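Here the structure is laid out as structure tokens; the discussion comes afterwards.
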Amino acid sequence: MEKLLPRHIEIIEMIDQQLINEIISEYGTSDLDMLGNKLKAMRILENFDLPSSVAELFTKPKETPAVDPSAEVEDSDEVVPGDEKDQPAEKETEPVKAVDPPQAPKMVRMANLCVVGGHAVNGVAEIHSDIVKEDVFNDFYKIWPDKFQNKTNGVTPRRWIRFCNPALSNIITKWIGTDDWVLNTEKLSELRKFADNEDLQREWREAKRSNKLKVASFIKERTGYSVSPNSMFDIQVKRIHEYKRQLLNILGIVYRYKQMKEMSAAEREAKFVPRVCIFGGKAFATYVQAKRIVKFITDVGATINHDSEIGDLLKVIFVPDYNVTVAEMLIPASELSQHISTAGMEASGTSNMKFSMNGCIIIGTLDGANVEIRQEVGDENFFLFGAKAHEIAGLRKERAEGKFVPDERFEEVKKFIRSGAFGSNNYDELIGSLEGNEGFGRADYFLVGKDFPSYIECQEKVDEAYRDQKRWTRMSIMNTAGSYKFSSDRTIHEYAKDIWNIQPVVFP
């Protein structure tokens, strides 16, 4: 790169030099070990030599042994001239060539360069910004605490309520008394005072059912499966990735199905709320494990959807070719939405905001914007489960040390899958990723097994709440009312004021 972009490297070296000087100014030279660690962690140029003036600080002077001039040499190996013939002839040996150790490649740490070069650094949700400050860039945060900010993401209510959910939009406008909420989402909070009103709740449920009927027709057209609009619509639509844990969702469904198969028809009807579990999303072309998850979801769906004993009590749908247009149909019809990533791994998420705006109740971990959504809508209107972000490192260490003991229900589910309940496909690679204590693609890095008991117990609370439709509708209204913070208008105003330093243009 030095040959290809010499001027770029020259500028980066200048920035790196200024950073080195600032680090030395901040920490001094009294503790060279600590200073060396800071320079190693914070420098922009990795595996580059330090400037000579700085390198001298770490150069230890060579110690020369003291010689006693009065010491006599008692024995001497000196050969007396003329006696060479009495000495044995030395064998000629070839000099040993020293092998230079491989040098680490020189690299530019782009993240460090961005932090040093930028006048502001922000995360996109409160928990994300905390991780940036306390973990990822903690050394930089200690030097420049005022540089670090939070700017929680947002979505536009004009698309994600007004455009895609006109029935709900009309209800909001009617009860608030104005459509100003489209531009000033703070007005959505006024719905809170009507949350227990029976007329509003009836209209709210009618709008939701209307949207569910549209999705039922869409599913029939796209997949051939018939689903009942009387069932709860439980939706997880997002990029397919292990950390987003679609696998946890489908394993929970497998556990639900297994329980149903072990009960009589009357017991099933009494215990379970009918559900349509809808998945959607795309996997990166070379992401093999994500594709295994998609295949497993469709296999489970094919089995459950054709099981006449289960009927409408449980359906599993994978929506093909998921995109924004499909999202605009699914989100208004959703009643429960799953945002169940491993805590600390989701920067923010924005689909959780879209679902909440449309009166959908979230089941999720304390990750990304879930933390703030729960704060705004109220703890009682959010289904929380799972390990916390600060616990994750310790839980992975526990797993690596062989101390983790999986829940019996989790082991039952894995055994059920391996029994051939969902066809003859081999799921060893998929299930194997949840087993063992170490190794690539092993040891359950995303803690599916750890959170599984908490997850299925939380799902029981979901069923209990859904049976009380008055309570559920109130929770739904409170989600829409509490979603006002998550407008992209608010986010952009904060960027403009705190980072871009620009003022809005006032039109005459």
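What you see is a predicted model; the values in this text were computed from it and never measured. In this chain, numbering begins with 1 at the start of the sequence shown. All values below come from the heavy atoms of this structure, side chains included, with hydrogens, waters and symmetry mates left out.
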Q) With a 4.5 Å limit on heavy-atom distance, are the side chains of Ile477 and Trp472 in contact? A) no
Q.
For Lys397, is there an ion pair with Glu401 - N to carboxylate O distance below 4.0 angstrom?
A. yes
Q: State, yes or no, whether a side-chain contact exists between Tyr466 and Gln469 at a heavy-atom distance under 4.5 Å.
A: yes
Q) Can you name the residues that form a salt bridge (charged side-chain N to carboxylate O under 4.0 Å, His left out) with Glu457, not counting sequence neighbours? A) Arg409
(Q) Would you say that Tyr287 contacts Glu242 through its side chain, given a criterion of any heavy-atom pair below 4.5 Å between the two side chains? (A) yes
**Q.** Under-4.0 Å salt bridge between Lys271 and Glu267
**A.** no
Q. Counting only N and O atoms by type, is there a donor-acceptor contact under 3.5 Å from the side chain of Thr303 to the main-chain atoms of Asp299?
A. yes
Q) With no hydrogens and no angle check, is any side-chain donor or acceptor of Ser454 less than 3.5 Å from a backbone partner on Asp451? A) no
Q: Would you check if Thr480 and Ile172 make a side-chain contact, meaning some heavy-atom pair closer than 4.5 Å?
A: yes
Q) What residues form a salt bridge (charged side-chain N to carboxylate O under 4.0 Å, His left out) with Glu398, not counting sequence neighbours? A) none
Q: Give a yes or no on whether a salt bridge exists between Glu435 and Arg418, defined as a side-chain N under 4.0 angstrom from a carboxylate O.
A: yes
Q. Between Glu391 and Lys388, is the closest basic N to carboxylate O distance under 4.0 Å?
A. no
**Q.** Flag side-chain contact, heavy atom, 4.5 Å: Thr223 against Asn305
**A.** no
Q: Report the residues that fulfil salt bridge (charged side-chain N to carboxylate O under 4.0 Å, His left out) with Arg256, sequence neighbours left out, ordered by chain and then residue number.
A: Asp463
Q: From the options Val136, Asp130, Asp135, Ile131, select the one residue that forms a side chain to side chain contact (heavy atoms under 4.5 Å, CB included) with Lys133.
A: Asp130
Q) Is it true that Glu328 and Arg159 have a side-chain N and a carboxylate O under 4.0 angstrom from each other? A) yes
Q) Who passes side-chain hydrogen bond (donor to acceptor under 3.5 Å, both in side chains) against Ser487, sequence neighbours left out? A) none
Q. Are Asn184 and Tyr484 close enough that some pair of their side-chain heavy atoms sits under 4.5 Å apart?
A. no
Q | Listed partners of Phe382 passing ring-ring contact (aromatic ring centres under 6.0 Å, His included), at least two apart | A | none
Q: Taking the side chain as every heavy atom from C-beta outward, state whether Leu251 and Leu434 have any pair of such atoms under 4.5 Å apart.
A: yes
(Q) Check the orientation of Phe137 and Phe140. Use parallel for under 30°, tilted for 30 to 60°, and perpendicular for over 60°. (A) perpendicular
**Q.** With sequence neighbours excluded, residues passing ring-ring contact (aromatic ring centres under 6.0 Å, His included) with Trp175
**A.** Phe194
Q) Can we call the ring centroids of Phe148 and Tyr141 under 6.0 Å apart? A) yes
Q. Is it true that Lys282 and Asp321 have a side-chain N and a carboxylate O under 4.0 angstrom from each other?
A. yes
(Q) Could you tell me if the side chain of Ser169 sits less than 4.5 Å from the side chain of Trp181, heavy atoms only? (A) yes
Q.
Looking at Glu262 and Lys258, is there a salt bridge between them, counting it only when a charged N and a carboxylate O are closer than 4.0 Å?
A. yes
Q) So, for Pro157 and Val182, which heavy atoms are closest and what is the spacing to 0.1 Å? A) CG-O, 3.7 Å
Q) What do you reckon, are the aromatic ring centroids of Phe416 and Phe422 less than 6.0 Å apart? A) yes
Q) Counting N and O atoms only, with roles assigned by atom type, does the side chain of Arg490 sit under 3.5 Å from a partner on the main chain of Lys485, one being a donor and the other an acceptor? A) yes
Q) Among all residues two or more places apart in sequence or in another chain, which pass the salt bridge (charged side-chain N to carboxylate O under 4.0 Å, His left out) test with Arg109? A) Glu46
Q: Salt-bridge test for Glu438 and Arg399: reply yes if a basic N is under 4.0 Å from a carboxylate O, no otherwise.
A: no
Atom pairs and distances, side-chain donor-acceptor, residues 353-366, under 3.5 Å, sequence neighbours left out:
unit_1: Ser356; atom_1: OG; unit_2: Asn479; atom_2: O; d: 3.3
unit_1: Ser356; atom_1: OG; unit_2: Asn479; atom_2: OD1; d: 3.3
unit_1: Asn358; atom_1: OD1; unit_2: Asn165; atom_2: ND2; d: 2.8
unit_1: Asn358; atom_1: ND2; unit_2: Trp160; atom_2: O; d: 2.7
unit_1: Asn358; atom_1: ND2; unit_2: Lys354; atom_2: O; d: 2.9
unit_1: Thr365; atom_1: OG1; unit_2: Ser341; atom_2: O; d: 2.7

Q) In this structure, which one of Lys244, Lys238, Gln236 forms a side chain to side chain donor-acceptor pair (under 3.5 Å) with His339? A) Lys238
Q) With sequence neighbours excluded, what pairs up with Asp489 under the side-chain hydrogen bond (donor to acceptor under 3.5 Å, both in side chains) test? A) Arg158
Q. Looking at residues at least two apart in the chain, or sitting in another chain, which of them share a side-chain contact (heavy atoms from CB on, under 4.5 Å) with Leu447?
A. Arg245, Thr342, Ile392, Leu395, Arg396, Lys450
**Q.** Sequence-distant partners of Lys208, side-chain contact (heavy atoms from CB on, under 4.5 Å), two or more places apart
**A.** Lys212, Glu335
Q) Can Tyr243 and Phe446 be said to form a ring pair (Phe, Tyr, Trp, His ring centres under 6.0 Å), step by step? A) CA-CA 6 Å; Tyr243 89 83; Phe446 301 99; 7.1 Å; no
**Q.** Glu221: partners by side-chain contact (heavy atoms from CB on, under 4.5 Å), with sequence neighbours left out
**A.** none
